[in-house]
Amino acid sequence: MQQTLSQIVHLLQSAASILNKQDIQTAATAIGQYVPGVDGSQIRLGDDCAAIFDGDGYLLLAAEGIWPQLVLSDPWFAGWCAVMVNLSDIAAMGGSAIAVVDALWSRSQEETQQIWAGMRAAATAYGVPIVGGHTNCHSEYSGLAVAVLGRASQLITSFEASPGDTLMMVINMAGVYYGDYPFWNAATMAEPAMLRSHLSKLTDLANANLCSAGKDISMGGLAGTLLMLCEASGCGALLDLNRVPRPVGVPWTKWLTSFPSYGFLLSVPPNNVAAVKRLFASNQVVCQTVGEITPMTSVVLQLQDERRLLWDLTRSLTGFGNTQIQQND
């Protein structure tokens, strides 16, 4: 069944994976937009990773908790995802991962085996070691969280998208959906060398200073990630669905809220668009212009010739971002 733009917008506005991003407001309220580092420098919060200036570059620190239902129903895949999603966050900011630590709770030692197998498989495939963490096999429930340390010479942040920038989507379309989950799997069966090469392109992108801002496409999908990028940068966007790459037969609302195993949203100065396309051209991924950054405080979707408002950014999503927008709440 073909979805109209009105139906797409309505379903996205009520999507749990997008609305759940509002939970992040508790962190913004409790901690604020900046915190002082141990050296007295200001560390800005609300990005894919914490970026901590460290002499000639930045230490990057990312952490993710895994959906408890996934840990219970598919522990191997939960372990894989726990590592992969953090590596994606590190890459999104132009970094290379150094090491992984985990926090694992389970009801028995046996229950941890498939979780460990998934984490080890991902760590081996991406070439990043698991170096420590916390393990408890006497819990009343199963739970998993992972953190990754990385380093970057140059940053891609979420805060510098500028009106007039071209919105670009980079994604590996050579995948399939993983069961009934909103997860486009282009990773678990891929060659490790390809996985590593794909992530390294984001470091190349940062070091070449080709884009203004960017984020990895996370839970909440392309739509939710675009809202967070715009909120962080204090700008709006037009997302042209006519240009968005999409698997054949997949409804728009499913695709726009799916987590791709390799997917990034970039805000690129128009003069750099051709260079960004060249960077990814030899890497067997799709790099497509999908819209533009606007000076508005709204995110608008376009399908055919019709346009509709998706989100008014004077209404907070995460609570992290442009001060002026937040003052208008």
Visitor: Could you pull out the closest heavy-atom pair between L144 and A82, with the gap in Å?
Guide: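 Taking L144 first and A82 second, the nearest heavy atoms are CD2-CB, 3.7 Å.
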Visitor: Should L303 and L227 be regarded as members of a common hydrophobic cluster, given that ILVMFWY residues are connected when their side-chain heavy atoms come within less than 4.5 Å of each other, either directly or indirectly?
Guide: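 Yes, one cluster joins them.
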Visitor: Atom CG of L155 and atom CZ of F53: how far apart are they, to the nearest 0.5 Å?
Guide: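 L155 atom CG to F53 atom CZ measures 10.0 Å (nearest 0.5 Å).
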Visitor: What is the ring orientation for Y178 with F77, classed by angle as parallel under 30°, tilted 30 to 60°, or perpendicular over 60°?
Guide: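 Aromatic pair Y178/F77 classed parallel.
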Visitor: Give a yes or no on whether the backbone of S298 and the side-chain of D312 come within a donor-acceptor separation of less than 3.5 Å.
Guide: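 It does not hold such a pair.
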Visitor: Quick one: does any side-chain atom of Q33 pair with a main-chain N or O of G321 as donor and acceptor, under 3.5 Å?
Guide: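 Judged by distance alone, yes, a pair lies under 3.5 Å.
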Visitor: Strictly distance-based, threshold 3.5 Å: is any side-chain N or O of S197 a donor or acceptor partner for the main-chain N or O of A193?
Guide: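 No; zero donor-acceptor contacts below 3.5 Å.
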Visitor: Donor-acceptor pairs under 3.5 Å, side chain of residues 88-97 to any protein atom, not counting sequence neighbours: which ones?
Guide:
residue : atom : partner : partner atom : Å
S88     : OG   : D216    : OD2          : 3.1

Visitor: Under the ring pair (Phe, Tyr, Trp, His ring centres under 6.0 Å) rule, what pairs show up with a residue in residues 3-51, not counting sequence neighbours?
Guide: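 Checked against ring pair (Phe, Tyr, Trp, His ring centres under 6.0 Å) - neighbours excluded - no pair reaches residues 3-51.
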Visitor: Measuring only between side-chain heavy atoms, which start at C-beta, is L60 closer than 4.5 Å to R151?
Guide: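 With C-beta onward as the side chain, the pair stays apart.
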Visitor: Could you pull out all residues at least two apart from H138 that satisfy ring pair (Phe, Tyr, Trp, His ring centres under 6.0 Å)?
Guide: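 Testing H138 for ring pair (Phe, Tyr, Trp, His ring centres under 6.0 Å), a comparison that skips the adjacent residues, returns none.
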Visitor: List, one per line, each side-chain donor-acceptor pair under 3.5 Å for residues 266-276, sequence neighbours excluded.
Guide:
residue : atom : partner : partner atom : Å
S267    : OG   : D165    : OD2          : 2.7
N272    : ND2  : L210    : O            : 3.0

Visitor: For the atom pair CG (D74) and CD1 (I66), what is the distance rounded to the nearest 0.5 Å?
Guide: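 One finds 12.0 Å between CG of D74 and CD1 of I66.
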Visitor: Given W67 and Y181, is the side chain to side chain contact (heavy atoms under 4.5 Å, CB included) satisfied, shown in steps?
Guide: CA-CA 11 Å; W67 190 32; Y181 301 112; 4.3 Å; yes
Visitor: Starting at CD of Q2, measure out to CH2 of W252 and round the result to the nearest 0.5 Å.
Guide: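 Nearest 0.5 Å value for the CD-CH2 distance: 9.5 Å.
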Visitor: I'd like to know if the side chain of N242 and the backbone of Q304 have a donor-acceptor N/O pair within less than 3.5 Å.
Guide: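 Looks like yes, one N/O pair under 3.5 Å.
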Visitor: Tell me if a side-chain donor or acceptor on R196 pairs with a main-chain N or O of A125 at a distance below 3.5 Å.
Guide: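 Confirmed, R196 side chain pairs with A125 backbone.
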Visitor: Hydrophobic cluster membership, with links at side-chain heavy-atom distances under 4.5 Å among I/L/V/M/F/W/Y: are I156 and M168 in one?
Guide: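 Cluster IDs for I156 and M168 match.
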Visitor: Given F320 and D47, is the side chain to side chain contact (heavy atoms under 4.5 Å, CB included) satisfied, shown in steps?
Guide: CA-CA 8 Å; F320 283 113; D47 218 330; over 6 Å; no
Visitor: Return the set of residues passing salt bridge (Lys or Arg N to Asp or Glu O under 4.0 Å) with E64 (not counting sequence neighbours), or none when no residue passes.
Guide: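 So E64 forms no salt bridge (Lys or Arg N to Asp or Glu O under 4.0 Å) with any residue.
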Visitor: Taking K21 for the side chain and M219 for the main chain, is one N or O donor matched with an acceptor at less than 3.5 Å?
Guide: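 Confirmed, K21 side chain pairs with M219 backbone.
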Visitor: Side-chain donor-acceptor pairs under 3.5 Å in residues 24-32, sequence neighbours left out?
Guide:
residue : atom : partner : partner atom : Å
Q25     : NE2  : S316    : O            : 3.4
Q25     : NE2  : L317    : O            : 3.0
T26     : OG1  : D23     : O            : 2.8
T29     : OG1  : Q25     : O            : 3.0

Visitor: Would you please name every residue forming a side-chain contact (heavy atoms from CB on, under 4.5 Å) with E111, sequence neighbours left out?
Guide: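 Here the qualifying residues are S106, R107, S108, S142.
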Visitor: To the nearest 0.5 Å, what is the distance between CH2 (W105) and SG (C137)?
Guide: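 Those atoms lie 12.0 Å apart.
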Visitor: Kindly indicate, with the supporting measurements, whether the criterion side chain to side chain contact (heavy atoms under 4.5 Å, CB included) is fulfilled by L265 and L222.
Guide: CA-CA 8 Å; L265 190 61; L222 176 62; 3.7 Å; yes
Visitor: Check salt bridge (Lys or Arg N to Asp or Glu O under 4.0 Å) between R243 and all other residues, then give those that pass, not counting sequence neighbours.
Guide: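 Checked R243 against salt bridge (Lys or Arg N to Asp or Glu O under 4.0 Å); matches are D240.
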Visitor: S218 and M228: side chain to side chain contact (heavy atoms under 4.5 Å, CB included), yes or no, with the steps?
Guide: CA-CA 10 Å; S218 63; M228 291 189 291; 3.6 Å; yes
Visitor: Under the 3.5 angstrom rule, does the side chain of E160 hit a backbone N or O of G214 as a donor-acceptor pair?
Guide: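 Judged by distance alone, no pair lies under 3.5 Å.
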Visitor: Among all residues two or more places apart in sequence or in another chain, which pass the side-chain contact (heavy atoms from CB on, under 4.5 Å) test with S6?
Guide: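 side-chain contact (heavy atoms from CB on, under 4.5 Å) list for S6, sorted by chain: T4, R308.
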Visitor: Taking atom CD of Q42 as the centre, report whether more than 12 heavy atoms of other residues, nucleotides or ligands fall under 6.0 Å from it.
Guide: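 Yes.
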Visitor: To the nearest 0.5 Å, what is the distance between CG (L61) and CD1 (I98)?
Guide: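 Output value for this atom pair is 10.5 Å.
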Visitor: Check for me, please, whether F183 and L256 land in the same ILVMFWY cluster - side-chain distances under 4.5 Å, paths through other members count.
Guide: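 Hydrophobic grouping puts F183 apart from L256.
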Visitor: Hey, does L241 have a side-chain heavy atom less than 4.5 Å from the side chain of L5?
Guide: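 With C-beta onward as the side chain, the pair touches.
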Visitor: Within a strict 4.5 Å, meaning less than it, do heavy atoms of the W76 and T188 side chains meet?
Guide: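 W76 vs T188: side chains touch.
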Visitor: Side-chain donor-acceptor pair under 3.5 Å between K215 and T225, yes or no?
Guide: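 Their side chains do not contain a donor-acceptor pair, so the 3.5 Å distance test is not met.
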Visitor: Considering all heavy atoms of both residues, which atom of A15 and which atom of T257 are nearest to each other, and what is their separation?
Guide: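 For A15 and T257, the tightest heavy-atom pair comes out as CB-CG2, 4.2 Å.
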Visitor: Determine whether V128 and V83 make a side-chain contact, defined as any pair of heavy atoms from C-beta on separated by less than 4.5 Å.
Guide: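 A side-chain contact is absent here, since even the closest heavy-atom pair is not under 4.5 Å.
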Visitor: To check you understand the geometry: which heavy-atom pair defines the closest contact between E292 and L167, and what is its length?
Guide: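 Taking E292 first and L167 second, the nearest heavy atoms are N-CB, 3.7 Å.
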Visitor: Does the side chain of L238 reach to within under 4.5 Å of the side chain of M296, using non-hydrogen atoms?
Guide: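 Result no, sub-4.5 Å side-chain heavy-atom pair not found.
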Visitor: Would you say that W116 contacts D102 through its side chain, given a criterion of any heavy-atom pair below 4.5 Å between the two side chains?
Guide: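 A side-chain contact under 4.5 Å exists here.
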Visitor: How many angstroms lie between CD1 in I171 and SG in C287, if you round to the nearest 0.5 Å?
Guide: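 Answer for the CD1-SG pair, I171 versus C287, is 11.5 Å.
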Visitor: Going by side-chain contact (heavy atoms from CB on, under 4.5 Å), name the residues that satisfy it together with M194, two or more places apart in sequence or in a different chain.
Guide: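 side-chain contact (heavy atoms from CB on, under 4.5 Å) list for M194, sorted by chain: N172, A190, E191, H198, Q284.
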Visitor: Tell me whether Q13 contacts the main-chain N or O of L310 through its side chain, where contact means a donor paired with an acceptor under 3.5 Å.
Guide: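 Here the side-chain-to-backbone pair exists.
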Visitor: Take atom CZ of R120 as the centre, draw a 6.0 Å sphere, and report whether it contains more than 12 heavy atoms from other residues, nucleotides or ligands.
Guide: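 Atom CZ in R120 is not packed in, count stays at 12 or less.
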Visitor: Can you tell me if S233 uses its side chain to pair, donor with acceptor, with the backbone of C230 under 3.5 Å?
Guide: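 Not at all, since once roles are kept as given, no pair shorter than 3.5 Å links the two residues.
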Visitor: Please name all residues satisfying ring pair (Phe, Tyr, Trp, His ring centres under 6.0 Å) with W184, sequence neighbours left out, ordered by chain then number.
Guide: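 Residues passing ring pair (Phe, Tyr, Trp, His ring centres under 6.0 Å) with W184: Y177, W255.
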Visitor: Taking all non-hydrogen atoms of both residues into account, name the closest pair between V148 and N86 and its distance.
Guide: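 Shortest heavy-atom separation between V148 and N86 comes out as CG2-CB, 3.3 Å.
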Visitor: Could you check whether any side-chain heavy atom of K254 comes within less than 4.5 Å of a side-chain heavy atom of Q3, counting everything from C-beta outward?
Guide: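 They are not in side-chain contact.
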Visitor: If you take all heavy atoms of G236 and L313, which pair is closest and at what distance?
Guide: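 Taking G236 first and L313 second, the nearest heavy atoms are CA-CD1, 4.4 Å.
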Visitor: Which residues satisfy the side-chain contact (heavy atoms from CB on, under 4.5 Å) test with A187, sequence neighbours excluded?
Guide: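 In terms of side-chain contact (heavy atoms from CB on, under 4.5 Å), with neighbours along the sequence ignored, A187 is linked to W80, M84, Y126, N185, L195, S261.
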Visitor: Do other residues, nucleotides or ligands put more than 12 heavy atoms under 6.0 Å from D39 CG?
Guide: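 Counting neighbours around CG of D39, more than 12 heavy atoms of other residues, nucleotides or ligands fall under 6.0 Å, so yes.
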Visitor: Which heavy atom of A213 sits nearest to which heavy atom of A161, and what is that distance?
Guide: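 Between these two residues, the closest heavy atoms are CB-N, 3.4 Å.
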Visitor: With heavy-atom distances below 4.5 Å as the criterion, would you say the side chains of V290 and P245 are in contact?
Guide: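 A side-chain contact exists here, since the closest heavy-atom pair is under 4.5 Å.
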